[in-house]
*Asks:* 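The structure is given below, and queries will be raised subsequently.
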Amino acid sequence: MAEEIEKRYDPSAIEPKWQQKWAADPALYAAEPIDCGKPKYYVLEMLPYPSGQLHMGHVRNYSIGDALARHMWMRGYNVLHPMGWDAFGLPAENAALKNNTPPREWTLSNIAAMKRQMERLGLGYDWATEVTTCLPDYYRWNQWFFLRMYEKDLVYRKKSKVNWCPECATVLANEQVVDGCCWRHETTLVEQRDLVQWFFRITAYAQELLEGLDKLEGWPEKVRTMQRNWIGRSEGTEVDFKVRGSGETIRVFTTRVDTIFGATSVQLAPQHALVDAFTAADPALKVLVDELIEQQKKAREAGDLGAIEKHGVATGRVAINPYNGQPVPIWVANYILADYGTGAIMSVPGHDERDFEFANKYGLEVRRVIAPLPESEEAALPFTSEEGVLVNSGEFTGLSCSDAQILMQVVAERGRFGEPKVTFRLKDWGVSRQRYWGTPIPMIHCETDGLVPVPDEQLPVVLPAQIEITQQGGSPLGRVADFVNVTCPKCGGPARRETDTMDTFVDSSWYFYRYTDAKNSSAPFDPATAQYWFPIDQYIGGVEHAILHLIYSRFWTKVMRDLGLIKNDEPARRLFTQGMVIKDGAKMSKSKGNVVSPDDMIAKYGADATRMYALFAAPPDRDLDWQEDGVAGVSRFLARVWRLATKYAPVARAARDQAAEAPTGIALKLLRKLHQTIAKITLDFEGRWHFNTCVAAIMELVNEIQAADAQLAAGEVPAPAIRELLRTLVLLLAPLAPYLAAELWEELGEEGAVLRATWPVSDPELAKEDELEVPVQINGKLVSVVRVPAGSDAKTIEAAALAEEKVQSRTTGKTVAKVIVVPGKLVNLVVK
RNA sequence: GCGAAAGUGGCGGAAUUGGCAGACGCACCAGACUUAGGAUCUGGCGGAGCAAUCCAUGGGGGUUCGAGUCCCCCCUUUCGCACCA
């Protein structure tokens with residue numbers, strides 16, 4: 001009875017025991033010095049926002065990263081596997097309002113809670129490198145970088161229309177506006193306001209950010225495509241149209257200057273500067289234009305700008321096409337965007353779908369200036385292909401579209417009415433936030449000296465601790481007199497501190513560099529150390545960060561490189577985006593009531609079973625359907641491993657000094673399976689990352705060993721073979737179920753930490769089968785299976801197949817027209 | 001509308017290079033053990049059929065000795081982009 005209880009697999013006893021041991025031995029998961037002589041491997045999972053609770057998505061993300069890190073440790077690498085906290089942000093302020101808890105306190109206690117959860121999960125992080133972005137020793141370097149970027153003219157201020165979320169009471173970046181609503185408040189419409197904002201000049205790197213994507217072969221194509229779309233490079237031409245009877249010109253951007261002889265109007269965005277001039281003199285026009293603005297705003301808010309019904313207003317003014325001197329009417333239209341290109345276009349209804357639709361609606365002329373190539377039959381307008389020849393285009397008639405574009409650009413430049421132009425959709429990164437819980441922007445406003453950067457030696461500009469958080473607009477810091485009132489570093493006179501704080505995406509843009517040298521108090525990090533660890537070998541996280549975080553991180557890396565801090569151009573060599581965790585076909589959410597708590601799973605099944613299920617239930621790049629019965633199944637499997645290992649542990653221990661003999665019989669069979677399993681799992685870790693099949697392979701191995709239980713018990717398998725089986729099984733399990741592996745490693749009498757043991761190597765000779773089952777098909781249909789010795793040649797296999805009974809009965813009286821033998825694979829007889 | 005990914009038993013999924021479809025797990029069924037239990041072990045488990053066999057990887061065509069895998073057309077789902085001139 002007592003013995004029975006002792007033998008039961010009890011993760012709630014094993015796991016806390018090892019958790020304590022690991023906590024007492026920080027060197028276990030610590031990165032080694034950069035001169036340790038081992039090859040380095042930097043595995044990184046995206047740092048979480050400290051909400052206070054891990055969710056299953058985290059568990060999945062970190063289980064993948066931890067398995068990889070452990071595998072690499074066992075492969076002899078110097079592994080950096082850090083963790084940190086994306087600790088600034090609005091929820092802390094909301095919590096302060098709700099519970100009257102200071103944001104700092106709230107955040108730090110959440111961090112403590114989540115760290116406990118991570119430790120309970122047995123995740124092997126190097127906590128000595130922990131980064132918490134809301135602490136001054138981290139965010140002072142945000143400020144430092146801000147100043148360096150200010151010096152390089154990569155930071156500037158401008159008044160701009162900003163996305164304002166009434167719920168957050170702050171400005172949002174374009175990237176944070178989803179379908180016209182706030183990314184955090186999916187039902188709150190974003191408003192447009194005019195504010196002076198700080199910007200990072202990310203567009204200075206637009207071209208390099210785009211080109212770099214081609215070299216990021218270790219990144220998912222999907223992410224690269226999304227970034228390409230976001231950057232939105234477009235090559236074209238800018239052309240000036242003179243406004244008749246005034247000195248004004250309208251500059252338009254077009255990718256199809258070759259169609260300009262077909263331009264039958266010029267269209268301005270309702271916010272275009274010239275429109276203001278027109279409406280100033282014409283109140284009736286202003287009413288109509290305001291309507292267009294209103295329509296555009298509504299469509300933008302509704303998130304379907306693309307579906308807006310086209311409306312336009314004729315201004316009564318006329319512009320002159322510089323290529324042929326022809327007058328065209330000037331319109332204002334609601335489908336022209338003020339913030340793209342020049343905010344004005346030439347409308348060519350004959351060769352553009354949108355212009356065609358607009359022209360039809362308002363009865364504007366549709367003119368053909370491109371004819372399809374002879375072999376193309378389709379000639380109907382609008383004809384938008386670039387495979388064509390110019391017609392009705394004056395001196396350019398007869399040229400191909402591509403030749404015409406080049407020549408017309410030359411003509412424009414010579415005539416000083418236009419030039420080639422590359423336009424990007426990417427906008428500069430607005431980083432100002434009118435919030436408290438973020439990095440203070442290190443600038444001072446002085447009446448005498450204007451904008452004055454905070455001198456480096458005054459960093460960090462520390463967030464005041466005592467502050468009243470309210471929901472009123474404007475920055476909370478503005479109400480803290482001690483913070484705001486400073487002396488100007490230049491003239492010593494009274495001045496005001498900047499009260500905006502930085503977007504939290506600043507924090508996450510470079511945190512992974514800080515991990516390499518987290519305690520450095522004189523620099524953001526030591527360049528030599530960063531050069532050793534970078535680029536990150538494997539970055540793992542959710543695809544929801546494909547644009548925001550990952551494009552800012554790439555930008556920041558290039559800026560740091562140009563500051564001479566690092567040598568790498570890109571932060572991460574390989575990126576892996578794991579799938580979502582869903583339940584009952586839907587993303588886990590409180591509103592759907594389908595949230596599964598990691599704590600509950602751990603309490604019920606243990607951390608090993610929870611983690612292993614997260615790896616087993618689906619390949620890591622796909623969505624994972626959480627089924628608790630599946631966790632129970634993995635738990636049962638681990639219990640089976642436990643019983644098997646503990647049952648034969650005494651035999652294995654006793655065999656430690658025994659020499660192994662060449663295995664035969666059942667021992668050979670089991671060792672063969674073992675070495676096949678080693679090969680499969682090693683391959684999966686190296687390339688495919690299908691941890692679900694890794695787990696399945698280990699299950700198969702255990703099933704086979706267990707099926708031989710009677711022989712094992714009867715002593716038919718030599719003790720050294722039993723030892724090799726169990727010991728290797730534990731090694732294979734170590735990255736996936738670290739607690740159980742540690743416990744069984746000790747149980748088997750093995751020395752040291754299993755994490756420091758060497759990853760097993762498959763012996764190809766031992767893994768090889770000596771007899772093969774070869775399927776035999778007749779006309780492609782399976783008929784039978786023959787057994788032949790491994791390595792048999794085609795002739796032998798063919799003879800064996802033809803001699804097979806079922807094959808005989810089906811071929812007698814018929815002709816075997818052809819025999820296909822794929823050695824080791826199959827035999828197919830073509831029978832007539 | 002454009003682009004990408006996916007579609008395989010009751011469920012999650014496997015099949016890595018064109019070569020035995022359904023590994024492994026869950027659920028379910030039967031049995032064993034039993035101080036009766038949501039423990040463990042054994043066996044079964046795509047569909048039809050007593051069977052031999054036949055059918056089967058979203059649907060339809062094709063290439064091939066052979067197709068879940070390659071090609072063409074279509075359907076569905078998910079994701080991304082969408083007046084970007």
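The sequence lines fix the lettering, A, B, ..., with proteins before strands; numbering per chain opens at 1.
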*Asks:* Does A:Asn828 contact B:C65 through a side-chain donor or acceptor facing the base, at a distance under 3.5 Å?
*Replies:* yes

*Asks:* Quick check for you: among B:G19, B:A15, B:G13, whose closest atom lies nearest to any side-chain atom of A:Arg688?
*Replies:*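 From the listed options, B:A15 comes nearest.
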
*Asks:* Enumerate the residue pairs fulfilling ring-ring contact (aromatic ring centres under 6.0 Å, His included) with a member in residues 690-712 of chain A, sequence neighbours excluded, ordered by first and then second residue.
*Replies:* A:Phe685-A:Phe691, A:Trp689-A:Phe691

*Asks:* Which of the following nucleotides, B:U40, B:C20, B:G13, is nearest to the side chain of A:Val785?
*Replies:*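 Of all the options, the side chain of A:Val785 is nearest to B:C20.
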
*Asks:* Once you apply the 3.5 Å cut-off to both distances, tell me the Watson-Crick or G-U wobble partner of B:C79, or none.
*Replies:*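 When the pairing criteria are applied, B:G3 turns out to be the nucleotide that pairs with B:C79.
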
*Asks:* Decide, yes or no, whether a salt bridge links A:Arg367 with A:Glu365 under the criterion of side-chain N to carboxylate O below 4.0 Å.
*Replies:*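 Yes, A:Arg367 and A:Glu365 are salt-bridged.
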
*Asks:* Can you tell me whether the side chain of A:Lys680 and the base of B:U16 have a donor-acceptor pair closer than 3.5 Å?
*Replies:*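 Looking at the base of B:U16, it does pair with a donor or acceptor on the side chain of A:Lys680 (distance under 3.5 Å).
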
*Asks:* Can you check the distance between B:U53 and B:G59, where both ends of the measurement are the P atom (answer in whole Å)?
*Replies:* 26 Å

*Asks:* Expressed as a whole number of Å, how far does the C1' atom of B:G58 sit from that of B:A6?
*Replies:* 11 Å

*Asks:* Any strand counts, and the cut-off is 3.5 Å on both contacts for Watson-Crick or G-U wobble. Which nucleotide pairs with B:C24?
*Replies:* B:G12

*Asks:* Can B:G9 be described as syn, meaning its chi torsion is within 90° of 0, or is it anti?
*Replies:*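 Because its glycosidic torsion lies within 90° of 0, B:G9 adopts the syn conformation.
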
*Asks:* Are A:Arg574 and A:Trp219 in a cation-pi setup, meaning NZ or CZ lies under 6.0 angstrom from the ring centre and within 45 degrees of the ring axis?
*Replies:*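 Judged by the rule, A:Arg574 and A:Trp219 form no cation-pi pair.
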
*Asks:* What interatomic distance, in whole Å, is found between C1' of B:U57 and the corresponding atom of B:C20?
*Replies:*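 Looking at atom C1' only, B:C20 and B:U57 are 15 Å apart.
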
